[in-house]
Amino acid sequence: MAAQVSSTTTPDALDALDRALQAERRALLEHDVNALLDSTREKLSALRLVESQPLRDDASERVLALSEMNRANNVLLARRRREVSWALRHLGRTEASGVYDAGGHSSARPQARCLGVG
């Protein structure tokens, strides 16, 4: 049920965005970091292409569906980030920006945490 796209907008632009969003969802569900990075690059490239071309009004339904797919992926990504943060907290680590300096050395102080008592 794809909407018709104007002659100045290639259907490939919306198709590429659709494929990238589907790949992003698969990567999030499968916990595949490399596939997630690849799909994000593809998504950004497809978005630039879509935004650079005018869309006819009859393409708005498809654009709305792609927008909803992107929001759903955002929900999955937020869930994954919470899971990672939870795991790091329980391992005695914290997720913080700027943890590494320009030389690649950690600026965070190590925290000792007992994970089991024997």
Side-chain angles (χ1 to χ4, degrees):
M1 182 162 118
Q4 293 294 322
V5 184
S6 74
S7 61
T8 57
T9 303
T10 61
D12 293 341
L14 293 176
D15 291 342
L17 181 56
D18 191 356
R19 284 189 304 273
L21 288 168
Q22 289 178 27
E24 182 180 59
R25 181 169 181 81
R26 270 192 313 278
L28 287 165
L29 291 172
E30 296 171 1
H31 303 271
D32 188 338
V33 175
N34 291 325
L36 181 60
L37 294 173
D38 291 343
S39 65
T40 299
R41 274 191 296 276
E42 292 169 14
K43 179 175 76 170
L44 293 174
S45 176
L47 276 171
R48 281 190 289 275
L49 183 60
V50 168
E51 290 173 345
S52 71
Q53 301 171 353
L55 294 174
R56 286 187 13 191
D57 290 339
D58 56 358
S60 62
E61 185 178 318
R62 181 147 188 227
V63 170
L64 183 59
L66 292 171
S67 176
E68 287 300 319
M69 189 183 310
N70 190 51
R71 276 192 208 98
N73 287 353
N74 183 46
V75 169
L76 279 174
L77 183 59
R79 183 180 306 152
R80 295 295 175 251
R81 285 189 51 85
R82 284 191 306 273
E83 290 169 358
V84 168
S85 294
W86 182 88
L88 287 172
R89 259 192 330 275
H90 285 81
L91 291 172
R93 302 282 184 189
T94 58
E95 188 179 21
S97 59
V99 174
Y100 294 97
D101 63 15
H105 301 286
S106 176
S107 60
R109 294 185 316 222
Q111 298 175 339
R113 182 172 176 107
C114 180
L115 296 177
V117 178

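Reckoned from all heavy atoms, side chains included, excluding hydrogens, waters and symmetry mates. In this text, all values refer to a predicted model and were calculated from it rather than measured experimentally.
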Could you give the side-chain donor-acceptor pairs of residues 68-77 under 3.5 Å, partners two or more places apart or in another chain?
{"from": "Glu68", "atom 1": "OE2", "to": "Arg71", "atom 2": "NH1", "distance (Å)": "2.5"}
{"from": "Asn70", "atom 1": "OD1", "to": "Lys43", "atom 2": "NZ", "distance (Å)": "3.0"}
{"from": "Arg71", "atom 1": "NH2", "to": "Ser67", "atom 2": "OG", "distance (Å)": "3.3"}
{"from": "Asn73", "atom 1": "ND2", "to": "Leu21", "atom 2": "O", "distance (Å)": "3.0"}
{"from": "Asn73", "atom 1": "ND2", "to": "Glu24", "atom 2": "OE1", "distance (Å)": "2.7"}

- [ ] Apply salt bridge (Lys or Arg N to Asp or Glu O under 4.0 Å) to Arg80 and list each qualifying residue two or more places apart in sequence or on a separate chain.
- [x]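 So Arg80 forms a salt bridge (Lys or Arg N to Asp or Glu O under 4.0 Å) with Glu83.
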
TODO: Not counting sequence neighbours, which residues clear side-chain hydrogen bond (donor to acceptor under 3.5 Å, both in side chains) with Asp38? List them please.
DONE: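 Once residues adjacent in sequence are excluded, the partners of Asp38 under the side-chain hydrogen bond (donor to acceptor under 3.5 Å, both in side chains) criterion are Arg41.
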
Open item on the list: Once side-chain hydrogen bond (donor to acceptor under 3.5 Å, both in side chains) is applied, do any residues pair with Arg82, and if so which ones, sequence neighbours excluded?
Closed with: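 None.
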
Would you give me the side-chain donor-acceptor pairs under 3.5 Å for residues 27-37, sequence neighbours excluded?
{"from": "Asp32", "atom 1": "OD1", "to": "Asn34", "atom 2": "N", "distance (Å)": "3.3"}
{"from": "Asp32", "atom 1": "OD1", "to": "Ala35", "atom 2": "N", "distance (Å)": "3.1"}

Task: CG on Asp18 to CD on Gln22, rounded to 0.5 Å - done: 4.5 Å

Open item on the list: Could you measure the distance from the CG atom of Asp12 to the CG atom of Leu17? Nearest 0.5 Å is fine.
Closed with: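 The CG atom of Asp12 sits 12.5 Å away from the CG atom of Leu17.
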
Task: salt_bridge(Arg62, Asp15) N-O dist < 4.0 Å - done: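 Counted as a salt bridge, because a side-chain N and a carboxylate O are separated by less than 4.0 Å.
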
Task: Qualifying ring-ring contact (aromatic ring centres under 6.0 Å, His included) pairs, either residue in residues 50-86, two or more places apart - done: Trp86-His90

- [ ] Taking all heavy atoms of Ala20 and all of Ser39, pick out the closest pair and write down the distance.
- [x]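 Scanning both residues completely, I find the closest heavy atoms to be O-CB, 3.8 Å.
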
